[in-house]
Amino acid sequence: MTAELFSSLSLATPELILAVGAMALLMIGVFSGERAFSTVTGLGIALLLASGAWLVLFTGDGVGFEGAFVNDSFTRFMKVLTLTGSLVALAMSVGFARREGFDRFEFPVLVILSTVGMLLMVSANDMLTLFMGLELQSFALYVVAAMSRENVRATEAGLKYFVLGALSSGMMLYGISLVYGFTGHTNFTEIATVLAGSERQLGLVFGLVFVLAGLAFKISAVPFHMWTPDVYEGAPTPITAFFAAAPKMAAMALLIRTTMGAFEPITTDWRQIIVFVAIASMVLGSFAAIGQRNFKRLMAYSSIGHMGFALVGLSAGTEAGIRGVAIYMLIYLVMTLGTFAFILGMRRGGRNIEQINDVAGLASTNPVVATIMTVMMFSLAGIPPMAGFWAKWYVFLAAINADLYALAVIGMLASVVGAFYYLRIIKIMWFDEPAGALDPLAGDLRVVLGASGAFVLFYVLIGAPIGRMAEAAAKTFF
């Protein structure tokens with residue numbers, strides 16, 4: 001028993017590093033007072049780096065805690081993406097938080113605790129582990145969304161996210177109870193065994209629908225997207241960047257783990273749900289973003305659309321499809337972090353600006369930043385040879401190979417519609433009358449924006465090793 005416990009704890013060492021570290025940082029913050037923000041944030045970034053290093057260098061494959069926790073190639077791939085999203089978003093927040101007055105030590109502590117929940121989500125192999133990880137992530141995010149207490153919009157965003165998040169959690173828990181009632185198990189492997197050996201029942205399908213509804217809320221997929229534009233716009237920009245990056249990685253990994261693990265024997269049933277959600281997300285994300293004038297709100301609808309594109313790969317239910325989703329999430333993460341680095345740097349006269357028209361004529365005042373942002377917009381639109389094109393290529397190809405021709409065609413058409421609002425931003429930057437020079441970007445934002453632009457532009461040169469890692473991750477389920 002002791003040996004089994006130590007084996008399980010060794011598999012969860014990255015999570016333990018963050019959990020114990022977060023408690024230590026909380027004590028440091030409490031005893032140091034308001035001046036602890038920079039120290040706690042720096043130590044938080046170090047914790048995320050340490051957790052990622054341990055994950056990559058020392059954590060092996062295995063199943064722990066009596067089958068409730070799993071580590072394999074897929075979990076490592078998605079955990080690295082999750083940790084990267086948290087680390088970069090936290091690093092970019094320091095200057096903004098200090099300027100806007102929400103530089104409190106609780107912020108990095110909550111980000112780390114939320115990341116612990118995300119890592120548990122990625123490794124979940126049981127419905128109870130799924131729910132615990134999801135709620136640990138969510139509780140921290142509810143508070144983080146309203147971290148700027150003096151900001152009425154941020155408080156409203158936090159309240160909306162809390163109310164809708166509680167509703168989605170209730171739906172998911174009801175679905176889990178139905179699945180347990182009809183299978184007698186909560187473990188993914190045992191659920192799959194029961195489903196493979198018997199006829200699936202209508203009540204189980206209802207349970208599946210409720211579980212997928214809860215997961216769809218976490219990735220901002222239609223029709224559970226309604227919180228996303230308001231929270232993205234209302235929350236402080238660094239928090240919006242965090243919302244758009246790390247939680248999406250963990251939730252998509254959990255959705256893949258649930259469908260390809262627990263419900264793999266009834267692929268026909270969940271595929272219909274995923275196809276509907278993918279189409280609705282792609283279409284709404286493409287059309288609703290056209291009329292947006294706020295950069296953060298536009299990125300919210302862009303995120304909804306991109307989650308729809310990623311779900312095209314999952315709809316295929318094949319190794320190529322999961323590989324495509326893994327590559328898509330990596331590229332989406334880089335594009336999102338780079339774009340939000342620019343949005344965080346949108347300041348004029350020491351004042352934050354968020355409207356798209358505020359970047360008019362940027363090419364004449366800062367051609368380097370305008371060029372990098374042009375590359376990012378081309379990539380988000382899926383125009384070759386940028387990384388975004390290859391992301392869509394892999395998921396559409398997987399759908400075509402799985403005979404989902406209509407889904408692939410709708411995705412391509414939605415991508416064409418979505419290209420409009422990305423190209424409009426490029427037009428505003430290069431051809432409109434200058435609205436005035438932006439303040440110089442901070443050093444950390446320049447690094448993130450430059451690295452993201454280089455990755456997106458030269459992805460074709462480094463895509464092969466990334467593809468091999470994604471393929472190894474996808475083989476976990478086959």
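Nearest heavy atom pair, residue Val312 against residue Phe396, reads CG1-CD2, 4.0 Å. Scanning both residues, Ala381 and Ser415, for their nearest heavy atoms gives O-OG, 3.5 Å. Here the shortest heavy-atom pairing between Phe74 and Arg257 reads CD2-NH2, 3.6 Å. Smallest separation of non-hydrogen atoms from Thr41 and Pro108: OG1-CG, 3.5 Å. Taking each heavy atom of Thr59 and Leu11 in turn, the nearest pair found is CG2-O, 3.8 Å. Across every non-hydrogen atom of Ala146 and Gly158, the tightest pair is CB-CA, 4.0 Å.
Salt bridge present: Lys79 and Glu15 bring a charged side-chain N and a carboxylate O closer than 4.0 Å.
By the 6.0 Å and 45° rule, Lys296 does not stack over the aromatic ring of Tyr232. A cation-pi arrangement, defined by a distance under 6.0 Å to the six-membered ring centre and an angle within 45 degrees of its axis, is present between Arg323 and Tyr394.
Residues Ser303 and Tyr332 bring a donor and an acceptor atom of their side chains to less than 3.5 Å of each other. A donor and an acceptor atom, one from each side chain of Tyr301 and His225, are nowhere located under 3.5 Å apart.
The aromatic rings of Tyr142 and Phe162 sit perpendicular, their planes meeting at an angle over 60°, well past the 30° parallel limit. Ring-plane geometry between Phe389 and Trp393 is classed as tilted, the angle between the planes lying from 30 to 60 degrees on a 0 to 90 degree scale.
The environment of Phe206 atom CZ is sparse: at most 12 non-hydrogen atoms of other residues, nucleotides or ligands sit within 6.0 angstrom.
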